[in-house]
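This is a predicted model, so every value here is computed, not measured. Numbered from 1 within each chain, the chains take letters A, B, ... in sequence-line order.
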Amino acid sequence: MRLSRYFLPILRETPKEAEIVSHRLMLRAGMIRQEAAGIYAFLPLGLRVLNKVCRIVREEQDRSGAIELLMPTIQSADLWRESGRYEAYGKEMLRIKDRHEREMLFGPTNEEMITEIFRAYIRSYKDLPLNLYHLQWKFRDEVRPRFGLMRGREFLMKDAYSFDLDFAGAKHAYNRMFVAYLRTFARMGLQSIPMVAESGPIGGNLSHEFIVLADTGESEVFCHRDYLGFEVPPADVDFDSIPGLQAIVDKWTALYAATSEKHDAAAFAKLPPDRQISARGIEVGQVFYFGTKYSEPMRAVVTGPDGAERAVHMGSYGIGPTRLVAALIEVFHDEAGIKWPETVAPFAVVVLNLKQGAADTDAASEQLYAALSAKGVDTLYHDLDERPGSKFATADLIGIPWQILVGPRGLAEGKVEVKRRSDGSRELMTPQDALARIGG
RNA sequence: CGGGGCAUAGCGUAGCCUGGUAGCGCGUCUGCUUUGGGAGCAGAAGGUCGCAGGUUCAAAUCCUGCUGCCCCGACCA
């Protein structure tokens, strides 16, 4: 992509409403635009990141055996009356009426709707297990939206819903998502730690929040330091192996880890002092088993092997991609700007023509841009007539992992400079070597 | 929902107390020079001072109401 033909509204100064670093940098990097309190438009650069995050989420959901569908944003109030939540939900639910005065709502979540879909088609235990997910915009009319995308009112959410015949099946479904989540966040370069969360009405301890540690995190968390070194399950993990998955989940839940709400200071104090981590954290996902809370009142039942009907056991599993984009910036940034991990970066590399209009730098930059594009590398070509310093600042701000500096100084020796954004390291090499380094 | 604050050009702001032709920096446009860490000079454009009332000869400035947004707390993915 040529910057001269792209839409990248960089802000040199920080809008005053932005307090936290992810909000500031997203506004400055031209990723988002606020349209109302807690409601944002995704500009091209922001959308690229969001799409990359969503792709990883999808790939890992699919790998774990979940199946994607897409439910609407607008739902009927009648559906929510069946579960009793229409009255229970409160003012966070955005309630609207259509032209026929029918009561509708902008969905804050989809348990009722997915249960309705399930019960319409599934009759037998032989059709289980089933896990359906979608990525869809949600709306929760927060009293006080804040921190940019971190707590918006409208946000994108991946929500999965599992259906099983009994608790044992539901537990395996839970474990599938648990492992998928560990992999999902790890692929974005994030070290996530599952922490015990508020248990469902059924009891047990089948709810975990996945927390990413960040200095600027929203809440205080406590955990065992050994989690930081844990190996994330590999891509070929067998999601059908019940004992295999259980072993992974057991390992990842054996040590102490809790958010401030569930913190047990006495238990934490028993850890060796050098193993205690008290830090700030950001919740990026939650997994939850809730049994028959919806299947019972909404009559989502299947016939079991014994011929008897029973309500299915369900769980729901959320990841907030829009929030993840913000969390990634909270974790990966410095004074100059964002430092995207390669898997979610909006572009893989940016070519900086340090002397736009000069025959040699123009030619070398064009060649590099063409060659990288031909190799399928997402490349941004900074071809505006700006001073080098300005181009450096822009490149650092938007956080593209690799920068190729094409300037007269290097070209005099037939070289370009390859800079890595993550650690600032730079190396002179021929354009051919740069191509090999970045294009693989 | 309690408490606090802000609203002046695309962004950041001064002016408001003490009423009298709205200013600065960045950005934008034109020209020339410049080109390895946000260039220099010269010129130009861009404002119903959030909205609605009121006081006054006169309101960005004083008064009233409203709206929007931000921060702290409670709440929440």
Side-chain angles (χ1 to χ4, degrees), chain A residues 9-20 23-24 27-28 30 33-40 89-93 107-110 136-159 181 195 197-198 207-212 217-219 259-261 281-288 316-324 326-327 335-337 352-358 360-362 382 384-398 403-413 415-417 419 424 426 428:
Chain A
I10 298 279
L11 301 181
R12 191 158 168 170
E13 284 169 284
T14 305
K16 64 167 179 235
E17 71 269 17
E19 282 290 312
I20 66 164
H23 193 196
R24 275 206 312 266
L27 290 169
R28 287 201 53 214
R33 164 128 190 120
Q34 178 166 345
E35 294 298 338
I39 298 176
Y40 295 86
Y89 214 93
K91 302 189 79 165
E92 281 196 359
M93 185 181 324
T109 178
N110 284 68
Q136 180 59 287
W137 293 90
K138 304 289 190 289
F139 192 92
R140 294 185 190 171
D141 201 357
E142 295 285 339
V143 199
R144 189 189 156 203
R146 59 182 132 175
F147 303 149
L149 287 191
M150 201 68 85
R151 184 163 317 151
R153 292 194 292 173
E154 188 179 72
F155 56 97
L156 191 59
M157 184 165 156
K158 185 287 299 182
D159 38 328
Y181 277 28
M195 301 198 178
E198 213 48 57
S207 182
H208 288 87
E209 294 180 354
F210 284 73
I211 303 286
V212 166
E218 47 180 349
S219 53
T259 59
S260 53
E261 301 92 62
I282 301 169
E283 184 190 341
V284 290
Q286 179 162 16
V287 291
F288 196 64
S316 70
Y317 316 90
I319 291 179
T322 41
R323 163 177 273 217
L324 257 176
E335 320 72 49
L352 304 183
N353 184 347
L354 299 187
K355 191 167 181 180
Q356 202 72 41
D360 54 347
T361 54
D362 281 4
H382 194 142
L384 299 178
D385 186 17
E386 286 179 10
R387 314 261 313 176
S390 166
K391 295 196 176 187
F392 296 143
T394 296
D396 287 349
L397 173 63
I398 66 177
Q403 301 173 12
I404 303 182
L405 283 47
V406 182
R409 210 154 81 189
L411 283 186
E413 327 167 22
K415 303 264 179 77
V416 296
E417 192 167 343
K419 176 183 164 185
R426 40 182 79 203
L428 271 175

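Looking at A:E386 and A:F392, their side chains never come closer than 4.5 Å, going by heavy atoms from C-beta outward.
Remark: P of B:A39 and NZ of A:K355 are 16 Å apart, rounded to the nearest angstrom. In this structure, CD of A:E19 is placed 12 Å from P of B:G73, rounded to the nearest angstrom. Computed from coordinates, the A:R144 CZ to B:G2 P distance equals 14 Å when rounded to whole Å. Counting to the nearest Å, the P atom of B:U35 and the CG atom of A:D360 are 13 Å from each other. Atoms NE2 (A:H23) and P (B:C70) sit 7 Å apart, rounded to a whole Å. Look at CD on A:E283: it is 7 Å from P on B:A77, rounded to the nearest Å. A:E386 places its CD atom 16 Å from the P atom of B:C26, with the value rounded to the nearest Å. In this structure, A:R24 atom CZ and B:C70 atom C1' are separated by 14 Å, rounded to whole Å.
Using a 4.0 Å heavy-atom cutoff across all strands shown, A:A358 reaches no nucleic acid atom at all. Within the nucleic acid shown, A:G285 has no heavy atom closer than 4.0 Å to any nucleic acid atom. Using a 4.0 Å heavy-atom distance criterion, A:Q34 is classed as a sugar-phosphate-only contact. Residue contacts for A:K158: at a heavy-atom cut-off of 4.0 Å it reaches no nucleic acid atom on any strand shown. A:G152 comes within 4.0 angstrom of a base, heavy atoms only. Residue contacts for A:G320: at a heavy-atom cut-off of 4.0 Å it reaches no nucleic acid atom on any strand shown.
Per the stacking criterion (ring centres < 5.5 Å, plane angle < 30°), A:F392 does not stack onto the base of B:G36.
Where A:P408 and A:L149 meet RNA chain B, the nucleotide closest to each residue was compared, and A:P408 sits on the side nearer the 5' end. Between A:T322 and A:A393, the one whose closest nucleotide on RNA chain B sits nearer the 5' end is A:A393.
Side-chain contact check for A:Q136 and A:D159: no donor-acceptor pair (N or O, by modelled atom type) lies under 3.5 Å.
Rounded to a whole angstrom, the distance from the P atom of B:C72 to that of B:U35 is 47 Å. For the C1' atoms, the distance from B:G15 to B:C49 is 11 Å, rounded to whole Å. Using P as the reference atom, B:G10 and B:C6 are 22 Å apart when rounded to the nearest Å. Distance check on atom C1': B:U8 versus B:G23 gives 10 Å, rounded to whole Å. Comparing B:U55 with B:A60, their P atoms sit 16 Å apart, to the nearest whole Å. One P atom belongs to B:G12, the other to B:G73, and the distance between them is 24 Å to the nearest Å. For B:U30 and B:G46, the P atoms lie 16 Å apart once the distance is rounded to whole Å. The gap from the P atom of B:C70 to that of B:U13 amounts to 15 Å, rounded to the nearest Å.
A donor-acceptor contact under 3.5 Å is formed by the side chain of A:R151 with the base of B:C76. A donor N or O paired with an acceptor N or O is found under 3.5 Å between the base of B:G37 and the side-chain atoms of A:R426.
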Completion exercise
Nucleotide by nucleotide, nucleotides 6-13 of chain B touches protein heavy atoms under 4.0 Å in the pattern (B base, S sugar-phosphate only, - none) S----BSS
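Looking at A:K391, its side chain never comes within 3.5 Å of a backbone N or O of A:L354 through a donor-acceptor pair. Panel note: side chain A:R146, backbone A:R151; no donor-acceptor pair is recorded below 3.5 Å.
Annotation: the span from A:I319 atom CD1 to A:Y181 atom OH amounts to 4.0 Å, rounded to 0.5 Å. Rounding to the nearest 0.5 Å gives a distance of 7.5 Å between CG of A:L384 and CD of A:Q356.
Within the structure, every side-chain polar atom (N or O) of A:Q286 is placed at least 4.0 Å from both OP1 and OP2 of B:C76.
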